[in-house]
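Some notes on the structure that comes next.
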Amino acid sequence: MTEGTIPAAEESDTLTRLEQEGEIAADYLEGLLDIADLDGDIDMDVEADRAAVSIISDANGRDLQKLVGREGEVLEALQELTRLAVHRETGDRSRLMLDIAGFRAKKRTELAELGAKAADEVKSSGEPVKLNPMTPFERKVVHDAVAAAGLRSESEGEEPQRFVVVLPA
């Protein structure tokens, strides 16, 4: 076995565990939707070594916007509650990602563009660029976009004012 590879059995166990997290989360969220009398379908997946659960709507999704809240604040809270529900069932800390009505997917695209634009600015000026404070999810997306552009970045500051600094090569 070469360094950095994961044995097939371990990879299979990880996938099974993440699928179980997704199922627990889906059950929890279905109960929440029933209590709130909201319509939505639940989609489960595994992305980048974490369970990903999405609530999508057949209709225009306006009702689901209540679960997103302003700037995704309600979505973040629901994600934490869902992670706690998974933790209660499994005993393991969950890194599950929750998306509602495509909010996080849209935000990921916007942030990737922001990271690429900041990287371009640093490449042309040679000076570091500081971005506005972001959530951990937002910073991760920007860090990934900056790395894809061939530069490096760091997070600075304390929550909730933690921000990304894009650095020259």
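The basis for the numbers below is simple: all heavy atoms, side chains too, and nothing from hydrogens, waters or symmetry mates. Bear in mind the structure is a predicted one, so any value in this text is a computation, not a measurement. Starting from 1, each residue takes its place in the sequence as its number.
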Could you state the interatomic distance from CZ (R88) to OH (Y28), rounded to the nearest 0.5 Å?
-> 7.5 Å
Sidechain-backbone polar pair: D41 side chain, I56 backbone, donor-acceptor under 3.5 Å | no
Minimum side-chain heavy-atom gap M134-V142 below 4.5 Å = yes
Provide the closest heavy-atom pair for A145 versus A112 in the form atom of the first, atom of the second, distance.
-> CB-O, 3.5 Å
Here the side chain to side chain donor-acceptor pair (under 3.5 Å) pairs for residues 67-87, sequence neighbours left out, are R70-E73, E76-R104, Q79-R104, E80-R83
Is there a path of hydrophobic side-chain contacts, each under 4.5 Å between heavy atoms of I, L, V, M, F, W or Y residues, that connects L75 with L96?
-> yes
Option from L67, I42, D34, I24 for which side-chain contact (heavy atoms from CB on, under 4.5 Å) with L29 holds = I42
Value rounded to 0.5 Å, distance of OG in S54 from CD1 in I100 | 9.0 Å
State, with a plain yes or no, whether a side-chain heavy atom of V146 is found less than 4.5 Å away from one of R152.
-> no
CZ on R93 to CD on E21, rounded to 0.5 Å = 10.0 Å
Hey, does P128 have a side-chain heavy atom less than 4.5 Å from the side chain of P168?
-> yes
Taken to the nearest 0.5 Å, the spacing of D92 CG from Q20 CD works out to 8.5 Å
Electrostatic pair K117-E121, nearest N-O below 4.0 angstrom = no
For the atom pair CD (E23) and CG (L18), what is the distance rounded to the nearest 0.5 Å?
-> 11.5 Å
Between D13 and R17, does at least one N-O distance fall below 4.0 Å, as a salt bridge requires?
-> no
Step by step, work out the side chain to side chain contact (heavy atoms under 4.5 Å, CB included) result for L167 and E154.
-> CA-CA 8 Å; L167 302 164; E154 297 175 350; 3.6 Å; yes
Is it true that a side-chain atom of R95 and a backbone atom of R50 form a donor plus acceptor pair closer than 3.5 Å?
-> no
Does E138 come within less than 4.0 Å of K107, counting only side-chain N to carboxylate O?
-> yes
Is V122 linked to L111 within one hydrophobic cluster, defined over Ile, Leu, Val, Met, Phe, Trp and Tyr using a side-chain heavy-atom separation of less than 4.5 Å?
-> yes
L32 reachable from I55 in the ILVMFWY side-chain graph, under 4.5 Å edges | yes
Between R139 and E159, is there a salt bridge with N-O shorter than 4.0 Å?
-> yes
Minimum heavy-atom distance V86-S94, with the two atoms named | CG1-CB, 3.8 Å
In terms of hydrophobic clustering (I, L, V, M, F, W, Y; side-chain heavy atoms under 4.5 Å; direct or indirect links), are F137 and L78 co-clustered?
-> no
What closest approach, in Å, do V53 and A25 show between heavy atoms, and which atom pair accounts for it?
-> CG2-CB, 3.9 Å
Residue pair R162 / G157: nearest heavy atoms and the distance that separates them = NH1-O, 2.7 Å
Kindly indicate, with the supporting measurements, whether the criterion side chain to side chain contact (heavy atoms under 4.5 Å, CB included) is fulfilled by S155 and H143.
-> CA-CA 9 Å; S155 291; H143 286 306; 2.8 Å; yes
Pairwise distance CG(L38) to CD(Q65) - rounded to 0.5 angstrom = 11.5 Å
Got a donor-acceptor contact below 3.5 angstrom from the D99 side chain to the F103 backbone?
-> yes
Do L81 and V68 share a hydrophobic cluster (ILVMFWY, side-chain heavy atoms under 4.5 Å, transitive)?
-> yes
